[in-house]
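By convention in this document, chain letters (A, B, ...) are assigned in the order of the sequence lines, proteins followed by strands, and residues within each chain are numbered from 1.
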Amino acid sequence: MTNKFAEVEISIPEAMRSIASIALERARYLFPDLVIDLKPENTHLILSGEANLDEAATQVRYALYREYCAARDGRLRQKLIEALLS
Amino acid sequence: MRHVIPMRFDEVAPDTFVVADDSGHAFFTDHDFIDRYATDALCNRDLQFLEEHGLVVDPDRRDLAFMGALRRQADRFAQPSSLNYLILVPTLRCDLRCTYCQVSRVDAFKKGFDWTEAQVAEVLDFLNDLNCEEIQIEFQGGEPLLRLDILETVTSFCRVRFKACRFIVCTNLNRVDEAILSFFSSPDVYVSTSLDGTADLHERHRTGSLEATTRFFSNLRTVVDVIGADRVSALPTIDPRDPPDPDAMLDLFASYGIWSIYLRPVNHQGFARKSFSELRTDVSDWLRYYEKFIERMLVRIAADGPIFEEFTLTLAIRRALQSGRDSHVDFRNPGFPASDYLVVDFDGTLYPTDEARMLTRSGVVDLAIGDIINGITRPDALDSLQRASINNFDPDCQHCVYQPACSSDPIDDLSRYGRHDIPRPATVFCRRQTALFRLAWRLIALDDPDIRQSVCAWLGIPFTRAPLVPRHD
């Protein structure tokens, strides 16, 4: 869908809402051609802009996933690095 | 307590994702698995698959899966070795004026741009003090064959000093005579030249006249005939706005028996900084051309043609599937600039890489780190570069499934952006590498026997139809 007046909402799973603002910042620089905002309570990311918004929404969702996985797995990743260096 | 190991992912083909841990240990999957993984909803079948592939670990008990993960991750780090690879620039003079010359060469008749006798002696002293048994030396320029006498002095010295030597002469092949052919005939000498895809492009960008073009191709034929194509490489530099036809290029290389082609876009260095300035940040034309070239190469191989390879794609596939493939300085992590390789310029100045030399000569930033007499005199500058030459802790690379096989290029970032701390996805380096690894994984995923034949050949393994990487849907 290419429509500069259209918007697409991406629901944010509850567990990911605490990192939503970080994901928002990263998504903004990963996809500079899109306008990306966050709904109150971090429940949804809102996309607009002249782009294929369905495809863009998929990519922004993956960016959200990546941010969440990195935060979720940070402690284990740290243990691996510490063990590697010990 | 057992945990699924941290993993990253990317979509390489429609509904085909590559997922890998921090060592690059990978499998393919679909969108549904990615959803389950990211939303903490893995099912028992998922967990069983991950368990079977060593991706569920107990960090507190340090179980076998955990230790295996550590070992894989450790294997992914390039190991520094002692200095054993030197790029030597005995002269900055050159007898061609290529449009995208990267090193601010000077005309062939100019004085004061060659090593003096005293500098040659200092270089030999430097070589003598190296703590290695095997040496690789790349003669760069300018045109190094303008000082064949220095090349002969250095190679003769090295053959006595070191147990094994490998010399690479990076030459424009504008002039080849009996003395040069005799020098090339030693089995430890390799020739690297430039061949810009087709004769007309080569003439437009490099030789500048039909006579010089004809001479180049004649010299290339002679060199291939005398020392064999396996000791000759010809590197095309591609203007992505006006690239050679892939088939014409493949035909040309095939006519010389050269099956390995190292495609490179015009680098943002030297004269190209001005004459190709619009390529500073735009990589889209290059990526389109690269994919088109690979597609044509694969079609020709499938039609029972010879097994060509594109050098960086082969390297990416190998690095994707195998650890320890750390020989190429642009494809290793950490990069360790100036640890096992070093550049000695025409005036005895030391640089961590050839691109650092180019950038310094262009007046962008001084990346000289010392000189041949005093050694490393700017350890702070070197330290800064070394710290930027590891990708593990970059906030963008940490999200990227290709990070373990990838690298970093702070000097290219400095060249294009004047800094090396901008977000990775905004850099030409990252966009090229990401596209390359995505293509590599897409080819690895394909079950097409024709594609698999090429991938196996590039990996150096016997042909197999068995999946090279497991799939879990």
Side-chain angles (χ1 to χ4, degrees), chain A residues 8-34 36 42-45 49-86, chain B residues 1-11 14-15 17 19 21-23 31 33-41 55-63 65-77 392-401 403 422-427 430-431 434:
Chain A
V8 168
E9 289 189 353
I10 305 167
S11 68
I12 303 176
E14 192 158 347
M16 300 184 190
R17 288 178 191 167
S18 61
I19 56 91
S21 57
I22 304 170
L24 172 69
E25 289 308 311
R26 190 176 300 274
R28 279 176 171 163
Y29 81 67
L30 285 175
F31 308 102
D33 297 336
L34 297 175
I36 311 176
N42 296 354
T43 58
H44 292 79
L45 284 161
E50 287 188 80
N52 180 333
L53 288 182
D54 291 335
E55 171 58 23
T58 303
Q59 296 307 321
V60 171
R61 177 183 296 279
Y62 292 149
L64 173 70
Y65 282 179
R66 289 188 181 101
E67 202 67 51
Y68 172 69
C69 291
R72 178 189 66 188
D73 300 338
R75 194 169 170 76
L76 180 53
R77 189 167 264 134
Q78 188 181 343
K79 282 186 178 178
L80 277 159
I81 292 285
E82 284 170 359
L84 200 59
L85 297 175
S86 67
Chain B
M1 190 174 168
R2 312 206 73 200
H3 299 272
V4 174
I5 205 163
M7 299 188 295
R8 296 172 272 189
F9 63 87
D10 189 39
E11 190 171 22
D15 210 22
F17 289 75
V19 181
D21 68 6
D22 290 358
S23 74
H31 174 268
F33 175 87
I34 299 298
D35 265 346
R36 294 196 298 276
Y37 172 64
T39 58
D40 308 302
L55 294 164
V56 180
V57 300
D58 187 335
D60 298 319
R61 287 181 50 237
R62 297 201 169 195
D63 63 352
F66 184 79
M67 299 311 288
L70 286 186
R71 177 56 195 248
R72 289 196 302 271
Q73 210 165 331
D75 283 347
R76 270 295 176 183
F77 284 96
N392 297 68
F393 308 109
D394 182 281
D396 287 304
C397 298
Q398 284 182 341
H399 289 250
C400 179
V401 69
Q403 173 271 321
I422 64 173
R424 295 299 88 198
T427 66
C430 179
R431 280 181 280 169
T434 302

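- When the salt bridge (Lys or Arg N to Asp or Glu O under 4.0 Å) test is applied to R431(B), no partner is found at least two apart in sequence or on another chain.
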Which side-chain N or O atoms in residues 13-24 of chain A pair as donor and acceptor under 3.5 Å with protein atoms at least two apart or in another chain?
residue: R17(A); atom: NE; partner: I12(A); partner atom: O; Å: 3.0
residue: R17(A); atom: NH2; partner: I12(A); partner atom: O; Å: 3.1

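- Among the residues in residues 78-86 of chain A, those with a non-hydrogen atom closer than 4.5 angstrom to a non-hydrogen atom of chain B are K79(A), L80(A), I81(A), A83(A), L84(A), S86(A).
- Heavy-atom proximity under 4.5 angstrom to chain A picks out H3(B), V4(B), I5(B), P6(B), M7(B), R8(B) from residues 1-8 of chain B.
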F9(B) vs Y62(A), ring-ring contact (aromatic ring centres under 6.0 Å, His included): CA-CA, chis, key distance, verdict: CA-CA 9 Å; F9(B) 63 87; Y62(A) 292 149; 5.8 Å; yes
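- For chain A, the nearby part of F77(B) is the side chain; its heavy atoms alone come within less than 4.5 Å.
- Side-chain atoms of Y29(A) and I422(B), non-hydrogen and from C-beta on, never get closer than 4.5 Å to each other.
- Heavy atoms of R62(B) lying under 4.5 Å from chain A belong exclusively to its side chain.
- H399(B) and A70(A) make their closest contact through CE1-CB, 4.0 Å (heavy atoms, listed as atom of the first residue, atom of the second, distance).
- T58(A) OG1 to I34(B) CD1: the interatomic distance, rounded to the nearest 0.5 Å, is 13.0 Å.
- Salt-bridge annotation for R66(A) and D10(B): present, with a side-chain N of the basic residue lying under 4.0 Å from a carboxylate O of the acidic one.
- A38(B) and Y65(A) get closest at one heavy-atom pair: CB-CG, 3.3 Å.
- The residue among D60(B), V57(B), N392(B), D396(B) with the most heavy atom pairs within less than 4.5 Å of chain A is D396(B).
- Residues R26(A) and P423(B) fail the side-chain proximity criterion, which asks for heavy atoms closer than 4.5 Å.
- When the shell of 6.0 Å around CZ of R36(B) is examined, it contains more than 12 heavy atoms from other residues, nucleotides or ligands.
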